[in-house]
Amino acid sequence: MAEVEDLVRTLAPQVLAVLVRRSGDFGAAEDATQEALLAAVQHWPAEGIPENPRGWLLQTAGRRMIDSFRSDQARRRREDTVAAEPPGAEVPDRDDTLTLLFLCAHSSLTPASAIALTLRAVGGLTTAEIASAFLVPETTMAQRISRAKAKITKSGLPFRMPAAHERQARLRSVLHVLYLVFNEGYTSSGGRRLHRTELSAEAIRLARLVHAALPDDGEAAGLLALMLLTDARRPARTGPDGDLVPLADQDRARWDRSLIREGVALITAALAREGVGEYRLQAAIAATHDIALRAEDTDWPRVLTLYTRLDALTGNPVVTLNRAIATAMVHGPDAGLTMLAGLDDRLPGHHRLAAARAHLLELAGDRAEAIRHYTAAAARTGNTAEQRYLTLRAARLRASHSTSRSPIGTE
């Protein structure tokens with residue numbers, strides 16, 4: 001069953017892209033795709049995965065679209081468009097996912113709507129997961145996605161890659177979408193699994209497509225490098241029992257050195273280009289961690305310098321949080337705690353703020369307050385692996401003095 005679910009998640013954006021290209025109706029295409037995916041999940045476990053699963057999904061979804069269009073005479077023209085191309089036809093050596101990605105990032109949509117729609121259509125995230133990423137209610141996000149689909153359909157935009165002068169304008173939204181998809185895969189916002197590797201793998205695949213299409217764009221290269229350098233640590237992020245292992249305690253022999261070499265090469269070349277942006281700075285930070293053979297070998301002054309630049313560039317409170325941790329590693333926990341004090345209004349109730357504060361309080365020797373904040377952080381996260389780690393940190397502090405470790409979010 002898990003194999004089927006992983007396969008349909010991988011194929012979903014490819015099927016949706018083909019249907020959008022054929023029909024021009026985003027909403028109807030997504031409905032048909034979802035029905036085909038549901039049919040696959042119901043039939044494939046018992047009947048076996050077909051020899052050509054993508055063709056099976058395209059044929060099933062295409063039939064669903066034709067049935068839907070036949071029920072509405074006003075859509076007869078669209079039915080003819082869909083029927084003109086055999087619904088099960090394959091497109092040899094062609095993946096329309098990248099075109100779909102740029103379509104979702106069209107300038108007619110607000111950046112927030114473009115990102116939400118792409119996470120839903122291309123990344124395969126649920127509406128609840130997207131709402132969590134944007135810190136808004138699920139109903140609000142559902143309305144935003146629905147309006148975005150309707151706007152794309154109403155615009156009659158041709159399903160094609162944008163011209164060069166349009167492509168750059170949409171690129172920022174595209175990169176941000178892939179960044180969010182990767183993050184959801186690397187640390188799931190909810191559930192029992194720490195990782196959702198199907199999402200992080202898809203984000204890396206799409207980032208490779210974008211980088212191949214725009215090889216001279218430094219930020220596209222930077223984002224790909226960031227993903228590779230971060231994903232390289234994944235094998236060491238959990239122990240044999242599935243518990244989270246923070247960066248400082250990871251067995252670095254388990255890190256994927258081939259991904260690290262590729263990521264370092266990418267970011268080294270990208271940093272030589274002008275206009276260094278947020279993804280290149282984040283990749284540079286990740287590379288600094290990855291090239292340290294031991295945690296104590298980490299060049300924290302360089303990490304702090306990079307976070308300071310990134311904070312000035314983005315004004316993102318999560319960046320400020322990580323900058324505070326780097327500050328503590330260079331100048332001591334009190335300096336880091338002072339910086340965290342300014343984040344209560346910008347990250348209200350966020351578990352990562354409570355976890356970072358707990359860690360720095362532990363370093364400063366304030367065990368009672370550290371326990372209180374570890375407990376609060378555990379209550380606020382929706383990820384079971386993070387809950388276990390934070391609860392265990394509090395329990396160990398209660399039991400005895402313990403060696404200090406890195407907080408969640410310093411990766």
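Counting only distance, with no hydrogens or angles, the side chain of Thr33 and the backbone of Ala29 share a donor-acceptor pair below 3.5 Å. Judged by distance alone, the side chain of Thr153 and the main-chain N or O of Lys149 form a donor-acceptor pair under 3.5 Å. Remark: side-chain polar atoms of Glu35 are not paired, donor with acceptor, to backbone N or O of Ala61 under 3.5 angstrom. In terms of modelled atom types and a separation under 3.5 Å, the side chain of Arg252 and the main chain of Ala292 share a donor-acceptor contact.
Asn316 places none of its side-chain heavy atoms less than 4.5 Å from the side chain of Asp311. No side-chain heavy atom of Leu229 sits less than 4.5 Å from a side-chain heavy atom of Leu259. In this structure, the side chains of Ile130 and Ile115 stay at 4.5 Å or more apart for every pair of heavy atoms. Looking at heavy atoms from C-beta onward, Glu219 lies out of side-chain contact with Arg172 at the 4.5 angstrom threshold. Contact of the Arg280 side chain with the Leu226 side chain is not registered, since no non-hydrogen atoms from C-beta on lie closer than 4.5 Å. Inter-residue side-chain proximity for Glu30 and Arg120 is flagged as met; some heavy-atom pair is nearer than 4.5 Å. Between Leu206 and Leu98, every side-chain heavy-atom pair lies at or beyond the 4.5 Å cut-off. Annotation: side chain of Leu247 is in contact with side chain of Gln250 (closest heavy-atom distance under 4.5 Å).
The two residues Arg388 and Asp243 come nearest to each other via the heavy atoms NE-OD1, 2.6 Å. When all heavy atoms of Gly277 and Leu313 are compared, the pair lying nearest together is C-CD2, 3.7 Å. Taking both residues in full, the closest heavy atoms of Leu271 and Ala284 are given as CD1-CB, 4.2 Å, listed atom of the first, atom of the second, then distance. The two atoms that bring Ala248 and Ala295 nearest to each other are O-CB, 3.7 Å, heavy atoms only. Listed here is the closest heavy atom pair of Leu360 and Gly336: CD1-C, 3.7 Å. The two residues Ala207 and Met227 have their closest heavy-atom pair at CB-SD, 3.7 Å.
In this structure, the separation between NE2 on His176 and OG1 on Thr118 is 11.0 Å, given to the nearest 0.5 Å. Here the CG-OG1 distance, from Leu397 to Thr375, works out to 9.5 Å after rounding to the nearest 0.5 Å. Separation of atoms OG (Ser200) and CZ (Arg205) is listed at 13.0 Å; rounding is to 0.5 Å. Once rounded to the nearest 0.5 Å, the distance linking CG of Asp290 with CZ of Arg261 reads 12.0 Å. Atom CG of Leu390 is separated from atom CZ of Arg352 by 9.5 Å, given to the nearest 0.5 angstrom. Between the CG atom of Leu304 and the CZ atom of Arg323 there is a distance of 7.0 Å, given to the nearest 0.5 Å.
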Take Thr288 and Arg302 through the test side chain to side chain donor-acceptor pair (under 3.5 Å) and record every step on the way to the result. CA-CA 8 Å; Thr288 304; Arg302 174 173 168 76; 3.2 Å; yes

For Glu362 and Arg396, what are the C-alpha separation, side-chain angles and deciding distance, and is it a side-chain contact (heavy atoms from CB on, under 4.5 Å)? CA-CA 11 Å; Glu362 183 180 355; Arg396 286 177 176 171; over 6 Å; no

Give the C-alpha distance, both sets of side-chain angles, the deciding distance and a yes or no for side chain to side chain donor-acceptor pair (under 3.5 Å) between Thr305 and Thr308. CA-CA 5 Å; Thr305 297; Thr308 300; over 6 Å; no

Verdict with reasoning, Ile49 to Glu3, per side-chain contact (heavy atoms from CB on, under 4.5 Å): CA-CA 9 Å; Ile49 297 173; Glu3 180 186 4; 3.8 Å; yes

Show, in sequence, the C-alpha distance, side-chain angles and deciding distance for Val174 and Phe102, and conclude whether the side-chain contact (heavy atoms from CB on, under 4.5 Å) test is met. CA-CA 7 Å; Val174 169; Phe102 275 90; 4.2 Å; yes

Start with the C-alpha gap between Phe182 and Glu202, add the side-chain angles, then the distance that decides, and say whether side-chain contact (heavy atoms from CB on, under 4.5 Å) holds. CA-CA 8 Å; Phe182 178 83; Glu202 178 66 6; over 6 Å; no

Step by step, work out the side chain to side chain donor-acceptor pair (under 3.5 Å) result for Asp256 and Ser258. CA-CA 6 Å; Asp256 189 325; Ser258 64; 2.5 Å; yes

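A cation-pi arrangement is present between Arg237 and Tyr186, with the terminal nitrogen or guanidinium carbon under 6.0 Å from the aromatic centre and inside a 45° cone about the axis.
Within a 6.0 Å sphere centred on CZ of Arg273, heavy atoms belonging to other residues, nucleotides or ligands number more than 12. Few gaps surround CD on Glu47; more than 12 heavy atoms of other groups in view lie less than 6.0 Å from it. Annotation: Asp251, atom CG; neighbour count of heavy atoms from other residues, nucleotides and ligands within 6.0 Å is above 12.
Between His289 and Trp255, the distance separating the two ring centers is not shorter than 6.0 angstrom.
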